[in-house]
S.K.: 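Quick one: structure below, then a few questions.
Just so it is clear: chains get the letters A, B, ... in the order the sequence lines come, proteins before strands, and each one is counted from 1.
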Amino acid sequence: MARSELTQRIIDRLRAIPKGTVATYGGIAAASGNPRGARTVVWVLNSASRAEALPWHRVVNRRGGISLSPGRGYELQRALLESEGVEFDERGRIDLDRFGWDYLR
DNA sequence: AACCTGACTTCGG
DNA sequence: TCCGAAGCCAGGT
């Protein structure tokens, strides 16, 4: 299966997210060339996170929250992030100013 | 080619 | 800040 240019770039960006930091779906998409490709990032995570050994747990939504619902990955993702030092507030959200990786700089 | 699926995002109320 | 509607994207059917 030939991967689109956007898909390949997204994979490269995902691999570059440093341990202990998080990136947003839209941020990864923007840094990969298409600011509106957030949903493509989701697609990539669902179709190649295992085969490409991607750090899928380091991707959160724009509000710094985990998008996976409880019972379908939320607990695991949160545990993995906390084990890397990422902190969650009482509302279950991450302060992107502290842990968000600014891959654009 | 039309239609559907997602771990999304922005906008308006 | 919360909610729904609408927009967007690649790949699969």
S.K.: In Å and rounded to the nearest 0.5 Å, what is the CZ to CZ distance from Arg63(A) to Arg91(A)?
M.R.: 9.5 Å
S.K.: With a cut-off of less than 4.0 Å, is there a side-chain N or O of Arg72(A) near OP1 or OP2 of dA7(B)?
M.R.: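 Affirmative; the distance criterion is met.
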S.K.: Closest approach of Val86(A) and Gly20(A), non-hydrogen atoms and distance?
M.R.: CG2-O, 3.5 Å
S.K.: Contact class for Arg93(A) (heavy atom, under 4.0 Å): base, sugar-phosphate, or nothing?
M.R.: sugar-phosphate
S.K.: For Pro35(A) and for Trp43(A), find the nucleotide of DNA chain B with the closest heavy atom, then tell me which residue's nucleotide is more 5'.
M.R.: Trp43(A)
S.K.: Rounded off to whole Å, could you give me the CD-to-C1' distance for the Glu90(A) and dT1(C) pair?
M.R.: 15 Å
S.K.: Do side-chain atoms of Arg13(A) reach the backbone of Ala31(A) as a donor and acceptor pair under 3.5 angstrom?
M.R.: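 Yes; judged by distance alone, with no hydrogens or angles, the pair exists.
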S.K.: Could you tell me the separation between the CD atom of Glu75(A) and the P atom of dA7(B), rounded to a whole number of Å?
M.R.: 15 Å
S.K.: Rounding to an integer number of Å, can you tell me how far Arg58(A) CZ sits from dA7(B) P?
M.R.: 20 Å
S.K.: Is Ser4(A) reaching over with its side chain to a backbone N or O of Thr7(A), donor-acceptor style, under 3.5 angstrom?
M.R.: yes
S.K.: Taking the side chain from Glu87(A) and the backbone from Phe99(A), do they hold a donor-acceptor pair closer than 3.5 Å?
M.R.: no
S.K.: Could you give the CG-to-C1' distance, from Leu54(A) to dA7(B), as a whole number of Å?
M.R.: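 Checked: the CG to C1' distance equals 13 Å.
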S.K.: Could you tell me whether the phosphate oxygens of dA7(B), OP1 or OP2, come under 4.0 Å of any side-chain nitrogen or oxygen in Asn46(A)?
M.R.: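 Yes, such a contact exists.
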S.K.: Describe the nucleic acid contact of Arg91(A) in one word from base, sugar-phosphate, nothing, applying a heavy-atom distance below 4.0 Å.
M.R.: sugar-phosphate
S.K.: Side chain of Ser67(A): nearest nucleotide among dA10(C), dC8(B), dT9(B)?
M.R.: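 Nearest nucleotide to the side chain: dC8(B).
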S.K.: Counting heavy atoms from C-beta on, name the nucleotide in dT9(B), dC8(C), dA7(B) closest to the side chain of Arg36(A).
M.R.: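 The answer is dC8(C).
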S.K.: Rounded to whole Å, please give me the gap between CG in Asn61(A) and P in dT10(B).
M.R.: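 In whole Å, dT10(B) P and Asn61(A) CG are 10 Å from each other.
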S.K.: In whole angstrom, give the distance that lies between atom CG of Leu76(A) and atom C1' of dA7(B).
M.R.: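 Atom-to-atom, Leu76(A) to dA7(B), this comes out as 13 Å.
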S.K.: Measure the distance from CZ on Arg39(A) to C1' on dT10(B) and round it to the nearest whole Å.
M.R.: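 Computing the Arg39(A):CZ to dT10(B):C1' distance gives 13 Å.
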S.K.: Please state whether the phosphate of dA7(B), meaning OP1 or OP2, lies under 4.0 angstrom from any side-chain nitrogen or oxygen of Arg63(A).
M.R.: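 Looking at the OP1 and OP2 atoms of dA7(B), neither is under 4.0 Å from any side-chain N or O of Arg63(A).
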S.K.: With a 4.0 Å cutoff (strictly under), does any side-chain N or O of Ser4(A) reach OP1 or OP2 of dC9(C)?
M.R.: no
S.K.: Could you tell me how far apart Tyr25(A) (OH) and dT5(B) (C1') are, to the nearest whole angstrom?
M.R.: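 Rounding to the nearest Å, OH of Tyr25(A) and C1' of dT5(B) are 15 Å apart.
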